[in-house]
Number of protein chains: 2
Amino acid sequence: MTDRAEREAIIQRFMDERGLKSTRQRHLILETFFDLDGHFSVEQLWAKVRAHNPRVSVATVYRTMKLLAESGLAHAQNFGDGQTRYEPAIGREHHDHLICTRCGAIIEFENDRIEQLQDAVAKKHGFKVSSHKMELYGLCRSCQKAGAGA
Amino acid sequence: MTDRAEREAIIQRFMDERGLKSTRQRHLILETFFDLDGHFSVEQLWAKVRAHNPRVSVATVYRTMKLLAESGLAHAQNFGDGQTRYEPAIGREHHDHLICTRCGAIIEFENDRIEQLQDAVAKKHGFKVSSHKMELYGLCRSCQKAGAGA
DNA sequence: CTGCGTGCAAAAACTTTGCAACAAT
DNA sequence: ATTGTTGCAAAGTTTTTGCACGCAG
């Protein structure tokens with residue numbers, strides 16, 4: 001998605017703006033995270049990080065992702081299972097999710113018209129919106145077929 | 001919202017359909033829950049239930065709310081703090097939420113046009129949607145003012 | 001050097017579950 | 001009687017935190 005140089009710049013800015021030290025662990029976690037495409041729990045991310053450096057603790061991953069999310073470079077999602085999932089929020093358009101309640105498949109979509117209407121609604125209520133989430137739950141195409149048979 | 005008789009009928013149907021026994025505790029929890037207006041954590045609901053009957057355990061509240069949500073009579077929400085919140089889902093139109101990230105205020109709204117567009121998006125992806133969530137995060141009117149000063 | 005960051009393990013927060021007593025049908 | 005339900009406490013999950021050591025600036 002994002003090219004390496006741009007990503008580096010973003011990571012650097014993130015560190016600078018918050019006065020964070022640039023450590024081996026943070027870089028590894030961020031690189032790993034931004035290489036991913038999709039929605040990952042800390043546990044999953046940790047597994048990938050450990051493949052590179054088994055000594056990184058899960059606490060560091062939690063701490064780093066929390067900082068990232070606060071800075072807006074990652075979005076925290078909550079799809080109903082008890083875990084927080086993060087997804088990269090740079091170099092991509094905002095998007096929303098269709099979630100299959102049977103197989104867990106997650107499909108992303110975006111719709112400008114909806115975004116416009118959201119802004120209008122917010123304005124009507126005097127809100128200044130900084131982010132939003134929209135999730136549609138249901139059955140994906142193949143689960144509708146499978147579900148009928150099962 | 002719902003009048004007492006209708007509510008009783010709904011609760012009764014809920015019990016019948018799932019073959020649940022009609023216990024003192026379940027009734028108390030359900031009555032208490034449906035009297036509420038808003039989004040409540042199990043902890044909060046439990047506190048209100050205990051006011052009536054201090055012997056009800058929190059486990060029963062968890063179990064009951066889980067059943068209710070599965071039956072579609074309550075909606076489970078996740079607003080980012082680590083707790084599940086439930087809100088009554090009978091006698092009301094579907095609605096979505098504006099959430100103030102500063103003071104935590106929750107404003108409800110509904111917008112048919114958005115719902116229509118959601119359906120259209122789902123259809124395009126072959127999805128059969130059964131429910132959805134939409135949350136807009138930002139600053140409410142008073143926090144925008146307060147925020148500027150702080 | 002100085003202080004932030006890390007790893008580890010303990011703790012916290014929330015939710016689920018095993019089991020024996022209990023109540024609804 | 002029979003079977004589902006409850007309360008309690010223990011255990012499970014996910015996430016946070018205290019503390020001593022270590023590394024970046």
Side-chain angles (χ1 to χ4, degrees), chain A residues 8 11-33 39-47 49-71 74-86 104, chain B residues 8 11-33 39-47 49-71 74-86 104:
Chain A
E8 274 309 315
I11 291 178
Q12 200 51 58
R13 202 180 318 136
F14 160 66
M15 305 274 203
D16 291 349
E17 279 175 3
R18 306 190 55 120
L20 300 174
K21 288 185 177 172
S22 149
T23 67
R24 212 177 280 287
Q25 291 91 326
R26 287 219 256 250
H27 262 96
L28 174 55
I29 293 167
L30 296 182
E31 298 287 346
T32 306
F33 176 65
H39 318 77
F40 292 83
S41 65
V42 169
E43 197 70 24
Q44 293 173 316
L45 179 54
W46 187 37
V49 167
R50 290 180 103 172
H52 277 269
N53 179 350
R55 313 178 60 180
V56 175
S57 87
V58 72
T60 300
V61 181
Y62 272 107
R63 291 190 267 235
T64 303
M65 292 314 295
K66 191 161 209 178
L67 290 171
L68 245 205
E70 284 168 2
S71 295
H75 286 146
Q77 305 276 355
N78 242 125
F79 294 142
D81 56 355
Q83 295 181 284
T84 300
R85 283 162 200 288
Y86 290 96
Chain B
E8 273 310 314
I11 291 179
Q12 200 50 57
R13 200 180 319 136
F14 161 64
M15 305 274 203
D16 291 350
E17 280 175 3
R18 304 187 58 117
L20 300 174
K21 289 185 178 170
S22 151
T23 68
R24 215 176 279 288
Q25 291 89 328
R26 288 219 256 249
H27 263 96
L28 174 55
I29 293 166
L30 297 182
E31 298 289 346
T32 306
F33 176 64
H39 318 77
F40 291 83
S41 66
V42 168
E43 197 71 21
Q44 293 173 315
L45 180 54
W46 187 37
V49 167
R50 291 180 104 172
H52 277 270
N53 180 350
R55 312 178 61 180
V56 175
S57 88
V58 71
T60 301
V61 181
Y62 272 107
R63 292 191 267 234
T64 303
M65 292 314 296
K66 192 162 207 175
L67 290 171
L68 247 204
E70 283 168 1
S71 295
H75 287 146
Q77 306 275 355
N78 242 126
F79 294 143
D81 55 356
Q83 294 178 282
T84 300
R85 282 161 201 286
Y86 290 96

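Letters go in sequence order (proteins before strands), and every chain restarts at 1. Worth saying up front: this structure is predicted, and the values here are computed from it rather than measured.
- Closest to the side chain of Arg24(A), from the set dG4(D), dG5(C), dA24(D), is dA24(D).
- The environment of CZ in Arg18(B) is crowded: more than 12 heavy-atom neighbours from other residues, nucleotides or ligands sit within 6.0 Å.
- If you check every strand for non-hydrogen atoms under 4.0 Å, Val56(A) touches sugar and phosphate atoms only.
- We find that NE2 of His27(A) is positioned 12 Å from P of dA24(D), with the value rounded to whole Å.
- At least one side-chain heavy atom of Leu45(A) sits under 4.5 Å from a side-chain heavy atom of Thr32(A).
- Atom CG of Leu30(B) and atom P of dT6(D) are 10 Å apart (whole Å).
- One interatomic measurement links the two molecules: CZ of Arg55(A) to P of dA9(C), which rounds to 13 Å at whole-angstrom precision.
- The listed nucleotides are dT14(D), dG7(D), dA24(D); the one nearest the side chain of Thr23(A) is dA24(D).
- In the set dC14(C), dT6(C), dA23(C), the nucleotide with an atom closest to the side chain of Gln25(A) is dT6(C).
- Nearest nucleotide to the Ala59(B) side chain, out of dT5(D), dG5(C), dC8(D): dC8(D).
- Whole-Å rounding puts the Arg50(A) CZ to dT6(C) C1' distance at 15 Å.
- For His52(B), the NE2 atom sits in a loose shell: 12 or fewer heavy atoms of surrounding residues, nucleotides or ligands are nearer than 6.0 Å.
- Checking the phosphate oxygens (OP1, OP2) of dT6(D), no side-chain nitrogen or oxygen of Ser57(B) falls inside 4.0 Å.
- In this structure, Arg26(A) contributes its side chain and Lys21(A) its backbone to a donor-acceptor pair below 3.5 Å.
- As rounded to whole Å, 14 Å separates atom C1' of dA11(C) from atom OH of Tyr62(A).
- For the pair Trp46(B) CH2 and dC8(D) P, the computed distance is 9 Å after rounding to whole Å.
- The shortest distance between the side-chain N/O atoms of Thr84(B) and the OP1/OP2 oxygens of dC14(C) is not below 4.0 Å.
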(request) Let me see the working for Phe33(A) and Val61(A) under side chain to side chain contact (heavy atoms under 4.5 Å, CB included), right down to the final yes or no. (result) CA-CA 10 Å; Phe33(A) 176 65; Val61(A) 181; over 6 Å; no
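- The distance from atom CE of Met15(A) to atom P of dG25(D) is 9 Å, rounded to the nearest whole Å.
- A donor-acceptor contact under 3.5 Å is not formed by the side chain of Lys66(B) with the base of dT16(C).
- Take the nearest nucleotide of DNA chain D for Gly82(A) and for Pro54(B): the residue whose nucleotide is more 5' is Pro54(B).
- Ser41(A) comes within 4.0 angstrom of nothing in the nucleic acid, heavy atoms only.
- Contact check, Arg26(A) against dT6(C): a side-chain N or O comes under 4.0 Å of OP1 or OP2.
- Between the side chain of Arg63(A) and the base of dG7(C) there is at least one donor-acceptor pair of N/O atoms closer than 3.5 Å.
- When each of Glu43(B) and Leu20(B) is assigned the nucleotide of DNA chain C with its nearest heavy atom, Glu43(B) is the one assigned upstream, toward the 5' end.
- As rounded to whole Å, 17 Å separates atom C1' of dT15(C) from atom CG of Leu68(B).
- One finds the CD1 atom of Ile11(A) at 11.0 Å from the CD1 atom of Ile29(A) (value rounded to the nearest 0.5 Å).
- Proximity of Ser22(A) to the phosphate of dA24(D): no side-chain N or O atom is located under 4.0 Å from OP1 or OP2.
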